[in-house]
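Please read the structure below before turning to the comments.
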Amino acid sequence: MRLFYLIFFLIIFTIINGCNSQIQKDDYDCLNKLIVKIANLSLYKLNSTTKQYDYCGIKNNNVINCNTDGRVTDIQLTHFANKATNLTSANDYYCFPFLKSIGVDSFRIEKNFIYGPFPDTLDKRIFLLNGNLLSVFNVDLEIGFNNSIKRTQIDTFRLTGGVATSLNTTVYMSTISHFKNIEFIYGTSVITNKTNFKFENDLNENKKSSFKEFTSYCSNIPPLNYNNGTIDFVELTFLPSFDKESVSNFSSYSNVLDLYLYSWDANQVFPFPLGLSNIPPSNKLIYIYTKYLIDSPPHLIDLSNLDSNSTNPTNIYTYNILTIDNPGNLFNFNGKFPFSSLHKNLEIFNFENGNFSELPKLEDVFKEKISVINLNNNNIGGNVQTTLDFDKLPELATLNLRNNRLKGSIDESWCRINFDISNNLIGGEAPSCVFCHMLNTDLSIRGINFTNWNPKPPCTSIILNLIYDNPTKLLLIYGQDIGFSRSNFKIIENPYYFSPYCSMPGFPDIRNRQFCLNYTGTDEPNPFSFNITYSNLPPGSRTTFELAAYNMFLPLVNKVIMNSNESLTIVGRYFAYNKTVINVQVDGKTCTIESCDFNEIKCKFSNVNYNNNNNNNNNNNNNNNNNNNNNNNNNNNNNNNNNNNNNINYNSDDNLIIVNGNFNGLNVIVQIMNVSSQICISKCNDDNYECEFKTERCNCSEGWEGDNCETLKRCPNDCSDSGICNHITGICSCNSGRIQDDCSGLECSLDCLNDSKCNYTIGKCNCDERWEGDDCSIKIETKLSNSNRNNILMTTIIFIVFILILLTF
């Protein structure tokens with residue numbers, strides 16, 4: 001038993017001793033010298049075991065990180081006030097061979113500190129906090145251009161505070177060119193009108209910077225010529241001493257992706273960054289954000305030169321955006337909108353809390369990529385743009401104009417975008433989409449007095465169409481006034497909901513015009529036919545619509561009724577609400593659609609033209625030449641003298657079209673989109689064929705078969721009850737987990753590896769003889785080897801335990 005306790009204590013001692021492992025001697029000597037020089041040594045205790053001060057770890061604001069090998073990797077020290085005369089130098093850190101970062105609070109540094117030399121491993125950062133900025137940039141410029149002196153490339157240089165006591169600081173770009181990320185932050189320092197922090201660009205083609213990020217307060221715009229590669233973002237805060245003429249330096253920002261501009265004094269007015277207008281083409285600027293009071297420009301601003309179409313993979317912004325936030329009352333040109341043209345790839349434009357007198361014509365200022373325009377709270381007067389030009393602004397999806405003084409009215413073109421016109425003087429008649437789908441409480445029209453609003457008229461403008469996209473297994477609902485979003489309607493027969501995230505290639509969501517549909521909460525495929533209901537339509541409106549995907553159902557004609565010599569009513573199913581997608585042909589002549597829905601079509605043709613055309617048609621069929629005298633020859637070559645309606649009579653008893661002569665029927669064709677259903681009255685036994693008059697046989701429409709076209713075209717094995725048959729193409733759309741032409745196969749749930757193949761009969765992988773497992777990933781030899789290894793390990797453990805037991809006796 002005593003031996004057992006001895007082993008236990010030896011293990012614990014080893015662990016404790018490992019936790020107090022010594023710092024390598026050369027690192028310790030270097031660190032001890034640095035702390036004695038600038039830091040408060042009394043914070044640390046001497047370790048009686050290692051005979052070293054316990055420097056590694058956190059002591060107040062001092063942070064020293066050491067790795068498991070006893071090497072110092074990171075040093076952050078506070079320069080002790082009692083040692084203020086002891087200036088730290090780069091040489092104090094050069095002796096750490098594994099050092100990666102340096103930080104000094106209340107710093108006191110020697111001249112040329114930021115030049116180095118530093119250890120080659122120091123690549124993370126240098127932080128200098130709350131010290132004298134003049135000492136940082138007190139350098140010999142010729143060192144920066146001496147290529148024989150090696151300068152370590154460091155990721156980040158952060159300089160915080162100290163600006164208030166450094167009233168006149170000039171930063172030459174060559175002194176900081178070996179850093180990737182610049183972070184000059186004024187922190188809690190008090191800024192005065194005398195605080196001057198300027199940048200001078202002394203770089204050239206032979207000496208360039210490699211900035212990736214640049215954040216600074218400034219008294220002028222830092223010129224960024226001669227930089228290698230792209231700068232991900234630049235953030236500048238203008239000091240009170242800002243040189244307004246320096247905005248011309250923005251012309252050097254062609255390699256900048258994101259630009260943020262602020263003012264230290266919220267009440268001070270600065271110019272717009274006009275130098276952006278002079279950036280050459282093929283630039284990279286995609287995001288501009290300004291938040292300061294902006295002065296009136298000397299001319300209208302043209303930013304059409306900004307042509308970047310790139311994205312920044314390191315940034316959350318993937319759109320081309322210009323935001324003017326709180327520019328104040330001065331930012332206008334002679335009282336009008338200050339821009340004449342904006343960049344061609346601009347997608348989102350925000351201009352809020354400004355002041356200009358009238359709304360510009362949107363298509364004159366914005367280009368075809370614009371998607372969102374926000375012009376809220378700008379005191380805009382004049383008339384709103386009644387009609388939006390989507391030929392020139394095809395991507396426009398959102399237009400916000402709330403809290404202005406706009407007058408006039410809006411038309412149906414506004415129905416395809418998301419808009420907010422609340423708290424304006426707009427009036428007139430509300431577009432159909434507004435009184436159909438917006439409630440009285442809708443905030444986007446708050447304060448607007450439409451003339452047709454109280455009471456609202458019934459909504460009669462909804463036109464719905466549905467198609468199925470087989471590659472994506474999604475539905476596309478489109479038409480007119482279908483709703484502002486998928487939440488405006490619901491499917492009656494199905495308890496599931498449509499996902500708000502649905503994307504069909506080539507068919508983007510268009511508000512009130514087009515949405516793709518995809519069910520959530522079920523593994524079942526999207527249905528091809530269903531009823532849609534709207535719950536918030538005005539009183540008297542039709543609220544339920546039956547829909548079927550045009551490309552999945554043939555239009556079925558059950559009955560044709562002659563209402564008069566000029567009009568027909570066609571009764572059936574799988575028709576459409578959209579007159580423009582329906583074509584009705586009667587004996588090859590067009591019948592113009594007057595009204596339509598899912599189950600009924602009413603059409604009309606000119607009585608004179610129809611009868612004359614039919615007379616001519618029948619005469620041609622019988623190969624007789626007549627002189628348009630309304631006489632028709634029948635198949636038996638008998639002459640019958642009929643007046644104006646020789647071929648068509650209206651039978652009021654059965655409301656059917658009756659055809660005179662030996663023709664067996666009147667050919668009526670209903671075409672929805674590119675899918676047709678044809679019918680011969682009193683001929684054949686079903687609705688799904690085209691009547692062949694010469695042979696008196698039925699030519700079946702696509703999707704139907706059999707002598708009388710009574711049978712839908714079948715898919716192989718009826719898709720094994722595991723898929724949906726497209727009766728037009730005869731191809732199965734298999735359910736999830738099923739495969740093969742007739743959906744009889746079972747997909748393997750895992751990928752079959754190592755040259756194995758899926759057995760579709762049982763849905764499992766057929767493994768090669770050398771492999772096993774559900775996905776054939778386990779090598780048989782490896783498994784046996786592991787088993788043997790486990791047995792040996794267990795035997796060894798049992799043997800060691802047995803020996804320890806014997807030793808205790």
For the pair L285 and L276, evaluate side-chain contact (heavy atoms from CB on, under 4.5 Å) and give the outcome as yes or no after the intermediate values.
CA-CA 9 Å; L285 198 57; L276 297 176; 3.8 Å; yes

Practice prompt. Indicate whether any N or O donor in one side chain lies under 3.5 Å from an N or O acceptor in the other, for S219 and N196.
Written response: yes

Sorted by chain and residue number, the side-chain hydrogen bond (donor to acceptor under 3.5 Å, both in side chains) partners of N138 (sequence neighbours excluded) come out as none

Original post:
Where the side chain of E347 meets the backbone of N320, is there a donor-acceptor pair that is under 3.5 Å apart?
Top reply: yes

If only atom types and distance count, is the side chain of S413 paired as donor or acceptor with the main-chain N or O of L388 below 3.5 Å?
yes

Surrounding NZ of K291 (heavy atoms of other residues, nucleotides or ligands, distance under 6.0 Å), is the total greater than 12? no

N130 side chain to D105 side chain, donor-acceptor N/O pair below 3.5 angstrom:
yes

Quiz item: Can you check side-chain contact (heavy atoms from CB on, under 4.5 Å) on T156 and I126, steps first, answer last?
Solution: CA-CA 6 Å; T156 300; I126 293 179; over 6 Å; no

With distance as the sole test, does N227 use its side chain to make a donor-acceptor pair with the main-chain N or O of L224 at under 3.5 Å?
no

(Q) If we ignore hydrogens and angles and just use 3.5 Å, is the side chain of Q514 paired with the main-chain N or O of I477 as donor and acceptor? (A) no

**Asked** Hey, mind stepping through N249 and S252 against side-chain hydrogen bond (donor to acceptor under 3.5 Å, both in side chains) and telling me if it holds?
**Response** CA-CA 6 Å; N249 288 344; S252 65; over 6 Å; no

The side chain to side chain contact (heavy atoms under 4.5 Å, CB included) partner of L322 among N350, I348, L303 is L303

Between D509 and R486, is there a side-chain N and carboxylate O pair less than 4.0 Å apart?
yes

*Under the side-chain contact (heavy atoms from CB on, under 4.5 Å) rule, what do F211 and V234 come out as? Steps first, then yes or no, please.*
CA-CA 10 Å; F211 300 136; V234 174; over 6 Å; no

For the ring pair F270 and F242, is the centre-to-centre distance below 6.0 Å? yes

* To do: Give the C-alpha distance, both sets of side-chain angles, the deciding distance and a yes or no for ring pair (Phe, Tyr, Trp, His ring centres under 6.0 Å) between F137 and Y172.
  => CA-CA 8 Å; F137 302 107; Y172 288 90; 9.5 Å; no

(message) Regarding K284 and S308, do their side chains bring together a donor and an acceptor under 3.5 Å, going by distance alone?
(response) no

inquiry  = Using side-chain hydrogen bond (donor to acceptor under 3.5 Å, both in side chains), reason through N345 and K369 one step at a time and then give a plain yes or no.
reply    = CA-CA 5 Å; N345 292 316; K369 292 288 187 68; 3.3 Å; yes

From the list T160, L159, V104, side chain to side chain contact (heavy atoms under 4.5 Å, CB included) partner of L129 resolves to T160

Closest heavy-atom pair, N383 versus G408, reported as atoms and distance to 0.1 Å, is OD1-N, 3.8 Å

In F233, Y260, F349, the residue satisfying ring-ring contact (aromatic ring centres under 6.0 Å, His included) with Y287 is Y260

F351 and P338 have their tightest heavy-atom pair at CE1-CG, 3.9 Å

Do H178 and F157 make the cut of ring centroids closer than 6.0 angstrom? no

>> Test side-chain hydrogen bond (donor to acceptor under 3.5 Å, both in side chains) on D140 and N112; report intermediate values, then the result.
In response: CA-CA 7 Å; D140 295 319; N112 297 323; 3.0 Å; yes

For the aromatic rings, using the six-membered ring if either is Trp, is the centroid distance between F435 and F450 under 6.0 Å? no

Salt bridge (Lys or Arg N to Asp or Glu O under 4.0 Å) pairs touching residues 418-427, sequence neighbours excluded, are R402-D420

Taking atom types as modelled and ignoring hydrogens, do the side chains of Y289 and D325 form a donor-acceptor contact shorter than 3.5 angstrom? yes

Checklist line | Donor-acceptor side-chain pairing of S277 and D302 below 3.5 angstrom | finding: no

Could you tell me whether the side chains of N404 and N424 share a donor-acceptor contact shorter than 3.5 Å?
no

One should read off an interatomic distance between R125 CZ and S101 OG, to the nearest 0.5 angstrom, of 4.0 Å

inquiry  = For the NZ atom on K367, are there more than 12 heavy atoms of other groups (residues, nucleotides or ligands in this structure) within a distance under 6.0 Å?
reply    = yes

(message) Please tell me whether D481 and N512 have a donor and an acceptor in their side chains that are separated by less than 3.5 angstrom.
(response) yes

Value for SG (C415) from CD1 (I510), rounded to nearest 0.5 Å, stands at 13.5 Å

For L330 and I294, the nearest pair of non-hydrogen atoms, with its separation, is CB-O, 3.6 Å

Could you check whether atom NZ of K392 has more than 12 heavy atoms from other residues, nucleotides or ligands sitting under 6.0 Å from it? no

Check your understanding: Any donor-acceptor pair under 3.5 Å linking the side chain of S241 with the backbone of T195?
Key -> yes

**Request:** Could you walk me through whether Q480 and E412 pass the side-chain hydrogen bond (donor to acceptor under 3.5 Å, both in side chains) test, one step at a time?
**Result:** CA-CA 10 Å; Q480 174 182 296; E412 299 293 334; over 6 Å; no

Review point. Is it true that the side chains of N220 and K198 contain a donor and an acceptor less than 3.5 Å apart?
Key: no

*asked:* Hydrogens and angles aside, do N132 and S135 bring a side-chain donor and acceptor to less than 3.5 Å of each other?
replied: no

Does NZ or CZ of R513 come closer than 6.0 Å to the centre of the six-membered ring of Y478, within 45° of the ring's axis?
no

message: Are F197 and F184, when compared by the centres of their aromatic rings, separated by less than 6.0 Å?
response: yes

For the residue pair D202 / S174, report whether a side-chain donor-acceptor contact shorter than 3.5 Å exists. yes

For this session: Can you establish whether the number of heavy atoms outside F507 located under 6.0 Å from its atom CZ is more than 12?
Result: no

Mind checking whether F331 and F356 have ring centres under 6.0 Å apart? no

#### Entry: Donor-acceptor under 3.5 Å (N332 side chain, N355 main chain)
yes

- Query: Is the side chain of S254 donor-acceptor paired with the backbone N or O of S251 at a distance under 3.5 Å, no angle test?
  - Reply: no

query = Between I286 and D258, is a side-chain contact (heavy atoms from CB on, under 4.5 Å) present by the stated rule, with each step listed?
reply = CA-CA 6 Å; I286 64 168; D258 296 352; 3.6 Å; yes

To the nearest 0.5 Å, atom CG of L362 lies from atom CG of L399 at 6.0 Å

Notebook entry, point to check: Side chains of N353 and N326: donor-acceptor distance under 3.5 Å anywhere?
Noted result: yes

Worksheet item: Under 3.5 Å, is there a donor-acceptor pair linking the side chains of N376 and E352?
Response: yes

In short, salt bridge (Lys or Arg N to Asp or Glu O under 4.0 Å) pairs touching residues 175-186 with sequence neighbours left out are R158-E183

Practice problem: Describe, in one word, how the ring planes of F337 and F366 are oriented to each other, choosing from parallel (under 30°), tilted (30 to 60°) and perpendicular (over 60°). | Solution: tilted

*Quick one: do the D411 and T386 side chains pair a donor with an acceptor below 3.5 Å?*
no

Please report whether the ring centroid of F199 lies less than 6.0 Å from that of F214.
yes

